[in-house]
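Below, each value reflects all heavy atoms present in this structure, side chains not excepted, and no hydrogens, waters or symmetry copies. Note that ligands are numbered from 1 as they come in the structure, with each ligand's atoms numbered from 1 the same way.
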Amino acid sequence: MVQRYVMSIDQGTTSTRCILFDARGRLVSVAQREHQQHFPRPGWVEHDATEIWRNVARIVPQALADAGATADQVVGLGIANQRETTVLWDRHTGHPVGRAIVWQDTRTDAMLEQLAREPGAARVRQLCGLPLATYFSAPRVRWLLERTPGLRERAERGDILFGTLESWLIWNLTGGAEGGVHVTDVTNASRTMLMNLRTLSWDDELLDFFDVPRRMLPEIRSSTEVYGKTSRVVPGIRIAAALGDQQAALFGQTCFAPGEAKCTYGTGSFLLLNTGQTPVLSTHGMLTTVGFKIGEEPAVYALEGSIAVTGSLVQWFRDGLELIGSAPEIETLARTVDDNGGCYIVPAFSGLFAPHWHSEARGVIAGLTSYITKGHLARAVLEATGWQTREVVDAMNADSGLALSSLRVDGGMTADNLLMQFVADVLDVPVVRPMVAETVSLGAAYAAGLAVGYWPDLEGLRRNWHRAGQWLPAMDPARRDSEYAHWRQAVELTFGWMRPGPAAVAPGSDLVDVLLADHHRFEQLLRELRNTAADRPALVAELAAELVAHATATDRILGADGEPFADELLAVLDGDDFEKALLRLETVVDRHVRAEERGPLNELRATMSTSDRTGLGRAFAAERRRQLDLRCGEPGHIRELGARLKL
Ligand SMILES: Nc1ncnc2c1ncn2[C@@H]1O[C@H](COP(=O)(O)OP(=O)(O)O)[C@@H](O)[C@H]1O
Ligand SMILES: O=P(O)(O)OC[C@H](O)CO
């Protein structure tokens, strides 16, 4: 009998892989090629989309040849890809407009600061599930349209197409300028900031907000269905699935049911929790994203904790600092010492993603003394991945109200035993790794195989999952707590680092102005609340959010205690004996405003340079905005903060 296979292409940040799988989910052949990383300026990261396409054109025939197979033995192709990376190209010539802007790139930071002040900014997260951050595609499209002469007109005429990498590859594989299919899938579309999470279609309000012409956009399709057949490279293969790589890993780890989660450790690391058929909006810095959509079935959603820099910190240690010759050597070097010697590395190379979302943060090495050796630094590099996972898991647990009981892992970094043990230690739960570590590719293959009937159902796929490795927690709780406290201290040092030059300083970014503006807002809202004809519930909700955002930013950015007000605020929100509760709240707010304006604000004016005040003001405003985005004024959140910050 002729053997049949499923083919997958995993178009990742550093390389592209083509793998053939058999019906039992076993890997039959692999072909892989790396592409160049371009860092033209600090914070900029680019790829050449043509180079990536050429790599695909080489590895697909190679994977077939290595398996001794022909195209007619391939039942379908599934594509998984690095997400958010943005390519624009000319539909007539097939040439990309400049290089692709990669998900790690932070060039849109200043533009996002501006956008955050525009009306409609608060709606963005509700519509697309994502915070305003440099990570996503829409700000990049706008940036390119604004800065490339004539491009907007060409886009509006329909001559320019936008896509993430799966769109680019599908268009090229199905004919390119000669009839290529311009599609994306829901998971990739959910990372653009342009798709409405509930309707799963491009949203006019979001298109308006980011000023992106609809004509550039691909058609949104489900994750598993036949989009077309290849007519180039190896003609005749059905393209039957596409998913963002992290969603593909969720699928490959068979996290099909609500409550199941995985974390993939590659260039960055991404923890996804299946939340079922309803999108859950996070109040703790997680993203809401589409997990997968099988054909005509309803979409399945996920909460995601994205960490920008994990494996790429190891790469930087190897290529930037040249302290090791290969990635696995980091473990050998780290094992030359017993601990980190008090040293912490916070790799905020692309700002900080989940749960912080500080685009203006930049990395630090903290706790340096002359005792520190390269062994300690190697430990700190690995530990950075562990602590970042811990922050994300804490936030995920807080959002879901459940404690994660074990973590399924995959990706290149899971080869590192010291790291996996550290992750189990800091999470205090078992960490398990499946037999097939190529979970992204496997997930894309599963999705394609399902679409063409190669595999009948999800249950059959579950049976292919086998545990290959497990790490159990063994760290002393007191040590865990004290080291986590040090880590958090180091994280706070990264906030507010990117200070704008004088020309870019927005009016009102001085910390004193930012704090005063908050005070004026409290007073105005309290005044409006005195009016019995006003929409009091709306005003109370707004005041609650403003107060909590201000207090949290004061704690996180300035390291100062605010006035306790949680009880008074909860009483007002509760509505019982409203007038009395309002009076008590007014007293507390008034006391805070007077105390801060008399003391610390005057001191800041006298003792801190303007540029330092601007840096802190921007960090404060960013944190405040982040809290507002997280709907921080809800009673549950206030109770939790009340206990944590002694509010
Ligand atoms: N033994 C190891 N210890 C720590 N990090 C490693 C190890 N082996 C590989 N890595 C890191 O893992 C990443 C590669 O993982 P991979 O899953 O292939 O990533 P991606 O899919 O993002 O390209 C690289 O960033 C590399 O530095
Ligand atoms: O290509 P990876 O594995 O680094 O994954 C990148 C992510 O999809 C970015 O969101």
Practice problem: Could you tell me whether Glu46 and Arg107 have a side-chain N and a carboxylate O separated by less than 4.0 Å? | Solution: yes
Quiz item: Does the gap between the ring centers of Phe349 and Trp316 come in under 6.0 Å?
Solution: yes
Quiz item: Are Phe39 and Val45 close enough that some pair of their side-chain heavy atoms sits under 4.5 Å apart?
Solution: yes
Exercise. Quick one, list the residues around ligand 2 where some non-hydrogen atom comes in under 4.0 Å, by chain and residue number.
Key: Gly12, Thr13, Gln82, Arg83, Glu84, Trp103, Tyr135, Asp245, Gln246, Thr267, Phe270
Quiz item: Are the side chain of Arg379 and the backbone N or O of Ala334 linked by a donor-acceptor pair below 3.5 Å?
Solution: yes
Quiz item: Are Arg140 and Asp105 within salt-bridge range, i.e. N to O under 4.0 Å?
Solution: no
One line per pair, note the atom names and distance for all nitrogen or oxygen contacts under 3.5 Å between ligand 1 and the protein.
| unit_1 | atom_1 | unit_2 | atom_2 | d |
| --- | --- | --- | --- | --- |
| ligand 1 | 3 (N) | Asp416 | OD2 | 2.7 |
| ligand 1 | 17 (O) | Gly412 | N | 2.8 |
| ligand 1 | 18 (O) | Arg17 | NH2 | 3.4 |
| ligand 1 | 22 (O) | Thr267 | N | 2.9 |
| ligand 1 | 22 (O) | Thr267 | OG1 | 2.5 |
| ligand 1 | 23 (O) | Thr14 | OG1 | 2.7 |
| ligand 1 | 25 (O) | Gly311 | O | 3.0 |
| ligand 1 | 25 (O) | Gln315 | NE2 | 2.7 |
| ligand 1 | 27 (O) | Gly311 | O | 3.0 |

Self-check item: Donor-acceptor pair, side chain of Ser312 and main chain of Thr267, under 3.5 angstrom
Solution: yes
Self-check item: NZ/NE/NH1/NH2 to OD/OE distance under 4.0 Å, Glu483 and Arg390
Solution: no
Quiz prompt | Any donor-acceptor pair under 3.5 Å from Thr187 side chain to Gly244 backbone | solution = yes
Quiz prompt | Contact check, side chains of Ile9 and Val60, non-hydrogen atoms, under 4.5 Å | solution = yes
